[in-house]
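All remarks here apply to the structure that follows.
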Amino acid sequence: MEKTKRLPRAAAIHDISGFGKCSLTVALPILSACGVEAACIPTAVLSTHTGGIKGYTFRDLTEDMRAFWQHWRNLDIPFDALYSGYLGSVEQTEIIGEMFDAFRKDVPLILVDPAMADNGKFYAMFDERMAKGQAALCAKADVIVPNLTEAAFMTGQEYKAGPYTEGYLRDMCRRLCDLGAKKVVLTGAHYRENEVGACCYDGETGSFDTYVTPRIAGSYHGTGDVYASVLLAALVNGFTLPESIRCAADFVYECLERTLKQGTDSRYGVDFERGLPRLGMKMMSLEDRT
Ligand code: PXL
């Protein structure tokens with residue numbers, strides 16, 4: 001029998017928040033629905049995420065992480081992408097940095113979402129030290145996906161709320177590339193009050209592009225993780241960076257529309273589940289192109 005090509009394979013390195021639809025509980029289903037085989041390294045296990053919910057449990061998995069990726073390395077498992085997000089400790093930035101170095105020559109895409117802050121504030125438990133650690137990790141990445149708060153904190157600037165000028169966004173992207181990242185997707189980028197979106201910048205070619213959708217009122221938890229996971233899936237499936245920022249923004253917008261209609265608590269995350277079948281079809285559509 002003729003062999004067919006294996007699925008693209010990505011390793012997602014995030015926490016498991018048992019409730020609240022973010023990090024691994026969105027990354028894994030999104031990758032799977034997009035035809036990407038998902039492996040994972042959990043960075044911490046929590047009962048819920050830390051965004052506006054009190055009393056969560058937190059188990060840090062720093063101690064396990066090096067052995068995790070070293071086992072994979074010993075097994076010679078090929079990966080098409082490594083994708084890091086919310087981390088349980090600053091020390092984990094070093095452990096994942098070592099992992100990136102160990103896999104670098106064999107992995108075509110390393111994507112870092114330095115998930116640690118939003119709206120001008122660090123998440124609970126994080127401070128400047130995490131900004132330094134995540135900046136060091138971003139230096140090893142092909143694509144980074146910070147929001148404007150994380151971008152400001154990693155480049156040592158004051159956070160500025162939007163809307164933004166193109167000059168401000170371009171300057172921020174350049175500063176992020178100066179950290180060492182090859183390409184930047186800056187989420188939360190927008191030019192008018194009633195829109196929200198992202199811009200992308202290629203440090204090598206200098207090409208810059210922005211894509212926005214209408215802004216939906218309220219701040220729903222986990223949208224950054226949904227965005228970054230779709231972006232990664234699109235890139236792994238062969239979409240260009242400008243195409244991928246569109247895929248991710250359209251998907252998040254549709255999730256928000258559904259969630260708004262349902263009137264659920266914004267801390268409980270968005271209805272991404274019902275968008276997965278269509279997203280999967282969109283991802284597979286490129287197979288006809290090649
Ligand atoms: O969505 C980012 C995120 C992931 N994981 C945990 C969080 C947050 C944001 O607050 O608390 C545990």
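All ligand and atom numbering here is 1-based and tracks the order in the structure. Because the structure is a prediction, the values reported are computed rather than measured.
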Quick check on contacts: which atoms of ligand 1 are under 4.0 angstrom from a heavy atom of C22? 1 (O), 4 (C), 5 (N)

Does H14 come within less than 4.0 Å of ligand 1, judged by its heavy atoms? no

Heavy atom under 4.0 Å from ligand 1: found in L46's side chain, backbone, both, or neither? side chain

Exercise: do S17 and T48 side chains pair donor with acceptor under 3.5 Å: no

Nearest non-hydrogen protein atom to atom 7 (C) of ligand 1, with distance, is Y86 CE1, 3.4 Å

Kindly check if the number of other-residue, nucleotide or ligand heavy atoms within 6.0 Å of CD (Q157) is above 12? yes

Is it true that, when you exclude K121 itself, more than 12 heavy atoms of the residues, nucleotides or ligands shown sit nearer than 6.0 Å to its NZ? no

Specify whether Y86 and F126 have parallel, tilted or perpendicular ring planes, treating 30° as the upper limit for parallel and 60° as the lower limit for perpendicular. tilted

For atom 1 (O) of ligand 1, tell me which residue out of L24, V45, D225 has the closest non-hydrogen atom. D225

Who's closest to atom 10 (O) of ligand 1 heavy-atom-wise, of H49, H221, M116? H221

Using non-hydrogen atoms of the residue, decide whether S17 is closer than 4.0 angstrom to ligand 1. yes

Would you call the rings of F122 and F153 parallel, tilted or perpendicular if under 30° counts as parallel and over 60° as perpendicular? tilted

For T50, the ligand 1 atoms with a heavy-atom partner under 4.0 Å come out as 7 (C), 10 (O), 11 (O)

Measure from NZ or CZ of R170 to the centre of the six-membered ring of Y201, then state whether that distance is under 6.0 Å and the direction lies within 45° of the axis. no

Taking distance alone, with no angle check, do D15 and ligand 1 share an N/O pair under 3.5 Å? yes

With a 4.0 Å cut-off on heavy atoms, is S23 touching ligand 1? yes

Is the distance between the ring centroids of W72 and F79 less than 6.0 Å? yes

